[in-house]
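Inspection log for the structure reproduced underneath, given as structure tokens.
This structure is a prediction, so every number in the text was calculated from the model and none was measured.
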Amino acid sequence: DHLEGRTEYLHHEHRLMHKNGEYRTMLSRGLAARDTSGRAYGLGGSLSDVSERKVMEARLRHEASHDGLTGLPNRRALLHVLDRAVRQRVRRGDYLFAVLHVDLDRFSLVNSTAGQVAGDQVLAAAGSRLQSCVRPGDFVARLDSDEFIVLVNGVGGSADAVRVADRIQHAIRTPFRLEGQEVYT
């Protein structure tokens, strides 16, 4: 495109395999030298390894959509996934999904008696337990403090959602073990 005059300059990212077998992301930049009629007769530019920048960008995107404590998707990611589910429901009238709100009862008591570090451990463990209660296509997010949302995709009816809710209640009722102590929520 640049050589044919459709772009002002050449700017292209691509991957190359390094001799060690690892892929590197390369940025090619250039500018064509043109004669008086506008025809390109040469190209000058540079090739830069931008792999570290791409890794950092991916990390920043992940951090913007995930909770730092639990590693679960956050409210922003949840809203995106909910929007997709609603759109799918509109497109396919037979598609059903369930949204379950999970709030850890007595969590403030855990924080005040065992400390914030213990509270953080309970939240991280609760997030793991919630993920173990759902199927691969379902979605678990940390909404706020001790609140989580579970999106159950493709349910056949309310009975399916109730079964998942029962699994979640059982998993969360099981005591959390922190430094030899059992903590209940």
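With values rounded to the nearest 0.5 angstrom, Leu72 atom CG is found 12.0 Å from Ile149 atom CD1. Note: Leu78 CG to His80 NE2 = 11.0 Å, rounded to the nearest 0.5 Å. Atom CG of Leu123 is separated from atom OG of Ser145 by 6.5 Å, given to the nearest 0.5 angstrom. Annotation: the span from Glu147 atom CD to Leu104 atom CG amounts to 9.0 Å, rounded to 0.5 Å. Note that the CZ atom of Arg106 and the CG atom of Asp146 stand 11.5 Å from one another [nearest 0.5 Å]. We find the CZ-CD1 distance between Phe148 and Ile168 to be 10.5 Å, quoted to the nearest 0.5 Å.
Placement of Leu100 and Phe97 in two distinct hydrophobic clusters is found when ILVMFWY residues are connected by side-chain heavy-atom separations under 4.5 Å, directly or transitively. Leu109 and Val102 sit in two unconnected hydrophobic clusters of ILVMFWY residues. Membership requires side-chain heavy atoms under 4.5 Å apart, directly or through other members. Clustering ILVMFWY residues whenever any of their side-chain heavy atoms sit less than 4.5 angstrom apart, transitively, puts Val152 in a cluster other than the one holding Tyr95.
Considering only heavy atoms from C-beta on, Val140 comes within 4.5 Å of Leu130 through its side chain. Inter-residue side-chain proximity for His101 and Val150 is flagged as unmet; no heavy-atom pair is nearer than 4.5 Å. Using a 4.5 Å heavy-atom threshold, the side chains of Leu82 and Leu151 count as touching. Taking 4.5 Å as the limit, every side-chain heavy atom of Leu10 sits out of range of all side-chain heavy atoms of Leu31.
Thr25 and Glu13 get closest at one heavy-atom pair: CG2-OE1, 4.2 Å. Taking all atoms of both residues into account, the shortest heavy-atom contact from Arg177 to Gly180 is NH2-O, 3.5 Å. Summarising the geometry of Arg89 relative to Asp94, their closest heavy-atom pair is NH1-N, 4.0 Å, with the distance given to 0.1 Å. When all heavy atoms are compared, the tightest approach of Phe139 to Pro73 is CZ-CB, 3.3 Å.
Judged by distance alone, with hydrogens and angles left aside, the side-chain atoms of His66 form a donor-acceptor pair with the main-chain N or O of His62 at under 3.5 Å. Looking at His18, its side chain never comes within 3.5 Å of a backbone N or O of Tyr23 through a donor-acceptor pair. Side chain of Arg34 to backbone of Leu3: a donor-acceptor contact under 3.5 angstrom is found. Although no hydrogens or angles enter the test, the distance criterion places a donor-acceptor pair under 3.5 Å between the side chain of Arg167 and the main chain of Cys133. A donor-acceptor pair is defined here as one N or O able to donate and one able to accept, closer than 3.5 Å; no such pair exists between the side chain of Asn74 and the backbone of Leu143.
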Please output the side-chain donor-acceptor pairs of residues 42-49 that fall under 3.5 Å, not counting sequence neighbours, one pair per line with the distance.
from  : atom 1 : to    : atom 2 : distance (Å)
Asp49 : OD1    : Ser51 : N      : 2.9
Asp49 : OD1    : Ser51 : OG     : 2.7
Asp49 : OD2    : Arg24 : NE     : 3.0
Asp49 : OD2    : Arg24 : NH2    : 3.0

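For the salt bridge (Lys or Arg N to Asp or Glu O under 4.0 Å) condition, no pair includes a residue of residues 110-122, sequence neighbours left out.
Other members of a hydrophobic cluster containing Val55 are absent, since no ILVMFWY side chain comes under 4.5 Å of it, directly or through relayed contacts.
Taking the ring axis of Phe176 as reference, the NZ or CZ atom of Arg129 stays within 45° of it and closer than 6.0 Å to the ring centre.
Evaluation of the ring pair (Phe, Tyr, Trp, His ring centres under 6.0 Å) rule for His12 yields His14 as partners, not counting sequence neighbours. For His11, the side-chain contact (heavy atoms from CB on, under 4.5 Å) test picks out Tyr9, Leu27, Arg29, with sequence neighbours left out. Scanning for side-chain contact (heavy atoms from CB on, under 4.5 Å) contacts around Tyr184 gives Pro175, Glu182, with sequence neighbours left out.
Counted within 6.0 Å of CZ on Arg53, heavy atoms from surrounding residues, nucleotides or ligands total more than 12; the atom is thus considered enclosed. Environment of CZ in Arg76: sparse, with no more than 12 heavy atoms of neighbouring residues, nucleotides or ligands closer than 6.0 Å.
A donor-acceptor contact closer than 3.5 angstrom links the side chains of Thr70 and Asp67.
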Practice task
Evaluate salt bridge (charged side-chain N to carboxylate O under 4.0 Å, His left out) for Glu22 paired with Arg15, printing each intermediate quantity in order.
Solution key: CA-CA 10 Å; Glu22 176 183 304; Arg15 291 184 335 148; over 6 Å; no
Practice task
Evaluate salt bridge (charged side-chain N to carboxylate O under 4.0 Å, His left out) for Arg135 paired with Asp138, printing each intermediate quantity in order.
Solution key: CA-CA 5 Å; Arg135 302 166 301 180; Asp138 297 334; 2.9 Å; yes
Handout entry: Criterion side-chain contact (heavy atoms from CB on, under 4.5 Å) on Asp83 and Arg87, from CA distance to verdict
Key = CA-CA 6 Å; Asp83 181 61; Arg87 288 175 191 266; 2.8 Å; yes
